[in-house]
Amino acid sequence: MRIGIISDIHGNLPALETVLEELKKRNADVVYCLGDTVGYGPFPNECVDLVRERCAQVLKGNHDSGLVGETPLEDFNQHGLKAIVWSQKQVTRENQEYLRGLPFTAVENSLTLAHSSPFSPEAWTYILSMRAAKENFAAFSTNLCFIGHTHVPVIVGEDSSINKFKKNGRFIINVGSVGQPRDGNPDAAIGMYDTELGVYNLVRVPYDVERTAKAIIDAQLPEFLATRLSQGI
Ligand code: ZN
């Protein structure tokens, strides 16, 4: 089975449409979304609609949680906060109820899925150190755990290896971000895992950044949210 894993779409519809097209071309059998479908970007409701239609599993991210009034808004930076307040007016009541009902973690096809971390998914902690990774390896029982949240793709091994994926090992895999990559590469990031071959690939897909940037400006969202997209920061 070929599994596509996407995360941190952040209301970026052109990026989402492009990666779903790419996953179709690559014959993905199923797509899982690790959350933060909304926030920052100008098409939050359209992205929720599309994710609902196309993803077999969808998790709740901190921006989804903030939008529906669960995660306190003071936890967000000024740009994030502005975009969440704007997005609250764009996302339909029905889609807000859908976001509210999403799980923090899931296990699908013997793969653990989480937005931020399997250890403390509701605290939205970032796995940025080996110490944090260690604590998290103890918190799931499958070989692989897929996460997002930092917007920076990386593969951490239980043996503390970095970006050295191999079949049958235990890894926490950050698939990066579809709608707001922060690793210096503006192309949308997606993860693809082949369960039969035991092969994982990070795929980068260029999309129409200008269309999203223009819509951010037109919506009078903070300009930085538009300019950062072309820089991948
Ligand atoms: Zn995010």
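Keep in mind the model is a prediction, meaning the values are calculated, not measured. Indexing begins at 1, ligand by ligand and atom by atom, following the structure's order.
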Should the pair E22-R204 be classified as a salt bridge under the 4.0 Å nitrogen-to-oxygen rule? no
Do the charged groups of E158 and K134 touch, with an N to O distance under 4.0 Å? no
Can you give the donor-acceptor pairs under 3.5 Å from side chains of residues 221-233 to other protein atoms, not counting sequence neighbours?
unit_1: T227; atom_1: OG1; unit_2: F224; atom_2: O; d: 3.3
unit_1: R228; atom_1: NE; unit_2: I233; atom_2: O; d: 2.8
unit_1: R228; atom_1: NH2; unit_2: I233; atom_2: O; d: 3.3
unit_1: S230; atom_1: OG; unit_2: T227; atom_2: O; d: 3.2

Residue pairs passing the ring-ring contact (aromatic ring centres under 6.0 Å, His included) test where at least one lies in residues 170-190, sequence neighbours excluded: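 Non-adjacent pairs meeting ring-ring contact (aromatic ring centres under 6.0 Å, His included): F165-F171.
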Return each pair, listed once, that meets ring-ring contact (aromatic ring centres under 6.0 Å, His included) where at least one residue sits in residues 131-164; pairs must be two or more places apart or across chains. H10-H151, H115-H149, Y126-H149, F137-F140, F146-Y200
Give a yes or no on whether E210 atom CD has more than 12 heavy-atom contacts from other residues, nucleotides or ligands under 6.0 Å away. no
Contacts of the Zn ion (ligand 1) with protein N/O/S atoms, counting only those under 2.8 Å: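 Under 2.8 Å from the Zn ion (ligand 1) - ignoring waters, which are not counted - the protein N, O or S atoms are D8 OD1, H10 NE2, D36 OD2, H151 NE2.
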